[in-house]
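Following: one structure in C-alpha cells, then a few remarks.
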Amino acid sequence: MTDDRDFHVRAVAEGGVLGGGGRGKVDGLAKITGRSVFVDDLVLPRMVYAKVLRSPHAHAKILSIDASEALAMPGVLKVMTGEDCTARYGAIPVAQDETALALGKVRYIGEPVVCVAAVDEETARDACRRVRVVYEPLDAILSIDDALSADKPFIHEWARKPSNILRKVDQEYGDVDAAFAASDLVLEGTYDYPGSTHVPLETHAALAVPHADGRLTLWSSTQNPHYMHRTIARVLGMRPGDVRVIKPDIGAGYGGKCDTFCTDVCSAWLARALDRPVKFVFEREEVFYAHRGRHRTKMWLKMGMTKEGRVTGIDFKAWAEGGAYASYGVVTSFYLGVFMTMPYKVENYRFQSHRVYTNHPPCGPKRGHGAIQPRFALELHLDRMCEALGLDPVQVRLDNLIEAGHETVNGLLVPSIALSECIERVVQASDYRAKKGSLPPGRGIGLACSAYMCGALHAVYDNDLPHSGVQLKCDRSGRVTIFSGTADCGQGSNHMLAVFVAERLGIDPTDCTVVEADTDLTPVDLGSYSSRVTFMAGNAALQAADRLRSQIASALAAKFKVPVESLVFAGREVRGAWRPIPWLEAVDIAEGHHGTLGSVGSYKPPKIGSRLKRTSVGPSPAYSFTAQVAEVTVDQVSGVVTVDKMWAAHDLGRVLHREIAEGQIEGCVYMGVGEALLEEQAYRKDGVHMTPSILEYRIPTVYDTPEIQVLLVESHDPGGPFGAKEAGEGPQLSTVPAIGNALHDAIGRWLTNPPYTPEKVWKAIKGR
Amino acid sequence: MPTEITLRLQINGEQVRRIIPANRSLLDFIREDLRLTGSKHGCDVGDCGACTVLVDGAPQLACITLAAECEGAAIRTIEGVTDGGGLHPIQEALHRHVGAQCGYCTPGIVMAMTSLLEADPHPSDSAINEALGSNICRCTGYTKILAAVREVARPGSPS
C-alpha cells in the first residue's frame with residue numbers, strides 16, 4: 001500500500017522517472033495535437049480503395065455470384081470472392097475456421113461475401129451493390145439452445161467432426177459433493193450475462209502496399225502485429241520474411257482488434273493482384289458485424305458455505321454463445337472457469353463450459369475476456385449467501401482471501417496479492433459499512449472483488465521462444481531508440497517502455513524514441529492481449545537496458561579507473577567517478593570503447609504452477625486484484641438506475657505512471673458501467689443486429705459516467721518489472737457485480753441479467 | 001457524377017478555393033482535399049464527435065456538414081487550434097493529465113472544449129458536461145478529460 005508521499009519519495013530516490021506526476025506520456029503531444037497517424041490518415045500514390053458486400057442471411061448457401069455488372073463500371077478494378085483466398089485461418093491454431101470472404105456459405109447477417117477494389121470508396125460501394133449473389137437460405141442457429149439441439153444443421157459442416165459446440169471443458173478439483181454435504185448453506189443460482197461489443201472509435205482499417213521486389217507491407221489497426229504477420233503470410237502463401245506488418249497509431253481496441261479481419265486479408269490480396277496500394281476502412285456499422293466482443297453467457301452456479309462464511313466448494317456451468325466463427329473462443333471456454341476461485345481459497349471446484357457456434361457475428365476477446373461473466377455470477381452469489389447467513393460481505397471476502405504464494409486448486413500460482421488492502425481502502429473511502437443497508441429507499445451500495453492475469457504462460461501457438469523482445473540502439477547523439485514489437489493501443493505501453501529504459505539509464509523517457517510494432521524493424525512481441533505487455537515487454541526492456549548500462553558502465557570504469565559497482569546512473573549523468581559524467585559524454589566514451597552500442601532483452605514466462613495438468617490456458621506469471629464499491633440510485637417510478645460513484649482499488653504491483661495507471665482503471669470502470677446499465681449486442685429473432693450504430697448501441701457519454709475514485713495499491717510482484725502488474729483489464733471484472741450488489745441494496749432484488757435497463761429494473765421493483 | 005461547385009472558405013486562417021463535388025462532406029473536404037487529417041471519421045453519421053471542428057467559432061460535426069454549406073465561413077481544425085502554433089491551454093492540460101489514451105477522439109474533444117472555453121473561460125460543471133456530451137471517448141471514462149478541463153476552467157482549485 002502506498003500514499004502519495006511514499007510514492008514520490010521512492011520515485012525520486014530511484015531516478016525520478018517512475019510515477020508520472022503530471023508529465024504526460026511520450027506520445028501524448030502527438031495525440032493532443034491530432035498528429036498521431038492512423039491507418040486512414042495514410043495516402044499513397046496509386047492507392048485504391050476496397051469495400052465489401054455483406055450477407056443479408058443468417059445462414060445460407062451461396063449458389064452463385066455474378067459480378068459482371070460491377071466489373072463493367074468505370075473505376076472498378078477488381079472483384080474478389082471467397083474462392084480467391086481459400087486458406088482458413090483463425091486466432092487459435094486448433095480452431096481455424098475463417099476465410100476473409102464467405103466460402104460456399106454465409107454464417108451470419110453482415111458476413112463479408114464479395115470485395116470490390118475501385119478508384120474511390122464511393123465507386124467501390126456502388127459496385128458492391130451491383131454484384132448479384134444468389135443464396136439458398138438454411139435453418140439458422142440463433143441461440144444457445146439451437147446450438148445444443150440435435151435437430152439443427154451444422155454451421156461448420158466442413159470440419160472433420162462437425163458440431164455446433166466449438167469446445168466443451170470439464171474440470172474437477174477436490175471433492176465438490178463432499179464439500180457441499182459439509183456446508184451449512186448450499187445455494188444455487190442462474191445468471192445470464194449479455195453480449196457486448198468494444199466500439200473502438202477508430203474503425204478497423206488496413207492499407208496494403210505491394211513492393212517492386214514482390215514483398216508486401218500491411219499497415220493494420222491491429223493489437224497483435226505478430227499473429228497478423230503469421231496469418232497474412234500463411235493465407236497469401238507468402239514467406240513470412242516477405243511480409244511486413246506495421247501497426248501505426250490505432251484508435252484503441254479493447255480486444256476488438258486482436259483477430260485478422262477481412263480488411264487485412266482483402267487489402268493484401270487485392271494489392272498483390274492489382275500491384276497497387278489498397279486501403280480498406282470499415283464503416284461504423286461494419287464494426288458491429290466484425291464484432292469479436294463479449295460472449296453472451298448463461299451460467300449456473302452452486303456454492304457451499306459454512307455458517308462462519310467459509311466457502312467450501314463451487315460447482316459452475318457456463319454456456320457461451322460464440323457466433324459464427326471460433327476467434328479466441330477456445331480460450332474463452334477455459335477463461336470462463338479457470339479464474340473462478342481466485343481470489344478466494346476454494347479447495348473443491350467443478351467447472352464445465354460450452355462455447356457454441358450460432359449464426360451471429362463472431363464473439364471473441366473483449367476486455368476481461370471470458371472472466372467478466374463468471375466474476376459477475378460469483379460476486380453476486382457471494383452477497384446472496386452472505387444475506388442468507390446474515391454475514392458481512394466485506395468480512396466474508398476478507399476471510400476467504402488467498403495469500404501471496406498460494407496455488408489455487410486448479411494450479412494457478414499467485415506470487416503477489418494486496419487485495420485485503422484494496423478491500424479495506426474502498427470500504428473506507430466509500431463508507432461502505434455505514435451505508436450498507438442504511439441508505440434511503442432506492443439508494444444502495446455494493447462491493448465486489450476480482451482477479452485477472454498478467455499475460456498467458458503460453459503463446460496462442462505452441463513454441464519455446466521469447467514472448468517479448470526489446471532491442472536498444474544508442475549512439476553519440478545521446479538518444480536511445482527502443483525497438484519493440486508491442487502494440488500501443490492507447491494504454492500507454494510506449495511510455496511504459498521508455499520509463500523502464502530511462503529509469504535504468506538515468507535519463508528521461510523523452511530522451512527515448514520508441515519504434516514499435518513493425519515486423520521488419522522490431523523484435524517479436526506477442527501483442528496487446530491478456531494484459532501481458534507491461535509484465536512481459538517490461539521485463540524484456542529492463543533486461544535490454546541493464547545490458548546497455550553494463551556496456552556504458554564498463555567503459556567508464558575502465559577510463560576513470562573506478563569499480564563498475566560504484567557508478568550510478570541518474571539525472572542524465574553517471575556519478576561515482578571523480579566527477580559526474582554527463583550522459584552524452586558517457587555514451588561517447590562507451591561508443592569509443594566498445595564500438596557501436598546496442599543491446600537486446602527478452603522475456604519468456606517461467607513454468608510455474610504445478611497442479612494444472614489438463615490445460616495450458618489460464619496460468620500467468622502474476623495476477624492483479626481489484627476491489628470495487630458502487631453506489632447507486634434507482635428511480636422507483638421509472639426504473640432508471642444511476643451509478644452515483646464508483647470506488648476502485650487495484651493492486652497493480654507497482655505504479656509506473658500514475659495518470660496512465662489511473663486512466664486504465666477509470667477506462668475499465670467506465671466500460672463496466674456501460675455493460676451494467678446500457679450496452680447489449682442483441683439480435684432480432686431472425687439474426688438481424690438490433691443496434692448497429694453508436695446512436696443505437698448505447699455507450700456511456702459523459703452524462704452516463706459516474707465519478708470514479710481510483711486507489712492504487714502496490715504489492716511489488718517478485719517477477720514483475722519493478723514489481724509491476726497489469727492495470728488495464730482486470731479492474732473491469734468487479735464493476736458490474738459491484739453495481740448488481742448495490743442494486744440489491746437499493747431495491748431488495750437480485751438482478752441476474754444485466755444490462756440493468758429501466759424496464760428490467762421497473763419489473764423487478766414491481767415483482768413482475 | 002455529382003454537380004461540382006467552387007467553394008471558398010477560410011481554414012485555420014488561410015483562404016482556400018477548391019472545386020469540389022456538391023455532395024462532399026466538410027470532413028472529407030478537410031481530410032481528403034486539404035489533407036488535414038487531425039479530424040477523424042468515427043461514425044460518419046454525427047454520433048461520436050470525433051470530427052468536431054469549429055465553424056465560425058461554434059463546434060460542428062464535420063461528417064454531417066456539407067462542405068458547400070461553409071461557403072465564406074472560417075473553419076478551425078485541430079491543426080489550427082492555436083493561432084501561432086504552440087499548445088492551447090486545454091491541450092497542455094490534457095497532456096499532463098493523460099486525457100488522451102488512444103487519441104482518436106481527442107482532436108474533436110479539443111475543438112469542443114476550445115469553443116467552450118473561448119465562449120466562457122470559467123464554465124460550470126454542467127456547462128462542461130453539455131459541451132462534452134456530444135463527444136464519445138471510449139478509453140478514459142472522461143475522468144482525466146474532465147480533470148483537465150476543470151483545471152483550465154478553474155485554475156488553482158482542485159480538479
Side-chain angles (χ1 to χ4, degrees), chain A residues 20 22-25 27-38 40-43 198-203 249-254 281 283-284 488-492 495 657 659-660 662-671 673 693-696 699-703 705-708 710, chain B residues 2 21 23 31-32 35-50 77-79 81 87-88 90-111 128-148:
Chain A
R23 298 182 53 211
K25 55 181 181 178
D27 46 5
L29 289 169
K31 289 176 193 287
I32 51 109
T33 53
R35 292 183 210 189
S36 301
V37 177
F38 300 85
D40 191 28
D41 300 333
L42 298 166
V43 172
H198 321 77
V199 200
L201 263 220
E202 178 209 27
T203 61
D249 288 303
I250 73 169
Y254 324 112
V281 181
E283 293 168 28
R284 174 54 57 189
D488 196 319
C489 313
Q491 79 274 43
H495 188 86
H657 185 293
E659 289 85 358
I660 292 176
E662 288 173 348
Q664 285 302 296
I665 297 162
E666 288 155 3
C668 282
V669 173
Y670 159 85
M671 209 164 256
V673 168
S693 76
I694 290 180
L695 185 68
E696 300 158 292
I699 60 184
T701 69
V702 70
Y703 285 109
T705 307
E707 184 190 344
I708 303 164
V710 170
Chain B
N23 65 353
R31 286 180 56 86
E32 312 288 324
R35 296 296 305 140
L36 297 171
T37 53
S39 309
K40 301 299 179 196
H41 288 279
C43 65
D44 281 322
V45 289
D47 293 341
C48 78
T77 68
I78 185 73
E79 289 85 355
V81 65
L87 296 179
H88 189 281
I90 186 61
Q91 289 177 301
E92 203 268 326
L94 281 169
H95 179 55
R96 278 189 292 99
H97 287 272
V98 191
Q101 286 187 23
C102 79
Y104 203 80
C105 71
T106 310
I109 285 177
V110 168
M111 298 320 290
I128 294 170
N129 278 353
E130 191 172 333
L132 195 54
S134 340
N135 292 77
I136 299 278
C137 170
R138 190 65 165 158
C139 291
T140 63
Y142 309 99
T143 306
K144 295 280 183 269
I145 297 171
L146 288 172

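Predicted model, so just to flag it, every value in this text is computed and none were measured. Here is the naming used below: chain letters follow the sequence lines, and residue numbers restart at 1 for every chain.
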(request) Name the member of A/Gln491, A/His198, A/Glu707 that forms the most heavy-atom pairs with chain B at distances under 4.5 Å. (result) A/His198
(message) For the interface with chain B, which of A/Val673, A/Val281, A/Thr705 has the highest count of heavy-atom pairs at distances below 4.5 Å?
(response) A/Thr705
(request) Find out whether A/Tyr703 and B/Asn129 are in side-chain contact, i.e. whether some heavy atom of one side chain is under 4.5 Å from a heavy atom of the other. (result) yes
Show the atom names and distances, to 0.1 Å, of all donor-acceptor pairs under 3.5 Å that link a side chain in residues 99-106 of chain B to residues at least two apart or in another chain.
unit_1, atom_1, unit_2, atom_2, d
B/Gln101, OE1, A/Gln664, NE2, 3.1
B/Gln101, NE2, A/Gly663, O, 2.9
B/Tyr104, OH, B/His41, O, 2.7
B/Thr106, OG1, B/Gly103, O, 3.4

(request) For B/Cys43 and A/Ile694, work out which heavy atoms get closest and say how close. (result) CB-CD1, 4.2 Å
(message) I need the minimum non-hydrogen distance between B/Val98 and A/His657, along with the two atoms involved.
(response) CG2-CE1, 3.7 Å
(message) Working to the nearest 0.5 angstrom, can you tell me the gap between A/Ile660 CD1 and B/His97 NE2?
(response) 14.0 Å
(request) Mind listing the closest non-hydrogen atom pair of B/Ile136 and A/Pro700 along with its distance? (result) CD1-O, 4.5 Å
(request) Could you tell me which non-hydrogen atom of B/Arg138 sits nearest to which non-hydrogen atom of A/Val199, and how far apart they are? (result) CG-O, 3.3 Å
(message) Could you report the tightest heavy-atom contact between A/Glu659 and B/Lys144, atom names first, then the distance?
(response) O-CE, 3.6 Å
(message) I want to check something: taking the side chain as every heavy atom from C-beta on, are A/Arg284 and B/Val45 in contact at a cut-off of under 4.5 Å?
(response) no
(request) Heavy atoms only: give me the nearest B/Leu87-A/Leu29 pair and the separation to one decimal. (result) CD1-CD2, 3.8 Å
(message) Tell me whether B/Gln91 contacts the main-chain N or O of A/Ile32 through its side chain, where contact means a donor paired with an acceptor under 3.5 Å.
(response) yes
(request) Drop me the distance from A/Asp41's CG to B/Lys40's NZ, to the nearest 0.5 angstrom. (result) 3.0 Å
(message) Heavy-atom pairs under 4.5 Å with chain B: which of A/Arg35, A/Glu283, A/Glu202 has the most?
(response) A/Glu202
(message) Is any side-chain heavy atom of A/Glu662 closer than 4.5 Å to one of B/Thr143?
(response) no
(message) Tell me which of these, A/Ile699, A/Ile250, A/Ile708, A/Val37, has more heavy-atom pairs under 4.5 Å with chain B than the rest.
(response) A/Ile699
(request) Can you sort out the partners of B/Glu32 under side chain to side chain donor-acceptor pair (under 3.5 Å), two or more places apart, ordered by chain and number? (result) none
(message) What I'd like to find out is whether the side chain of A/Glu696 reaches to under 4.5 Å of the side chain of B/Asp47, using heavy atoms alone.
(response) no
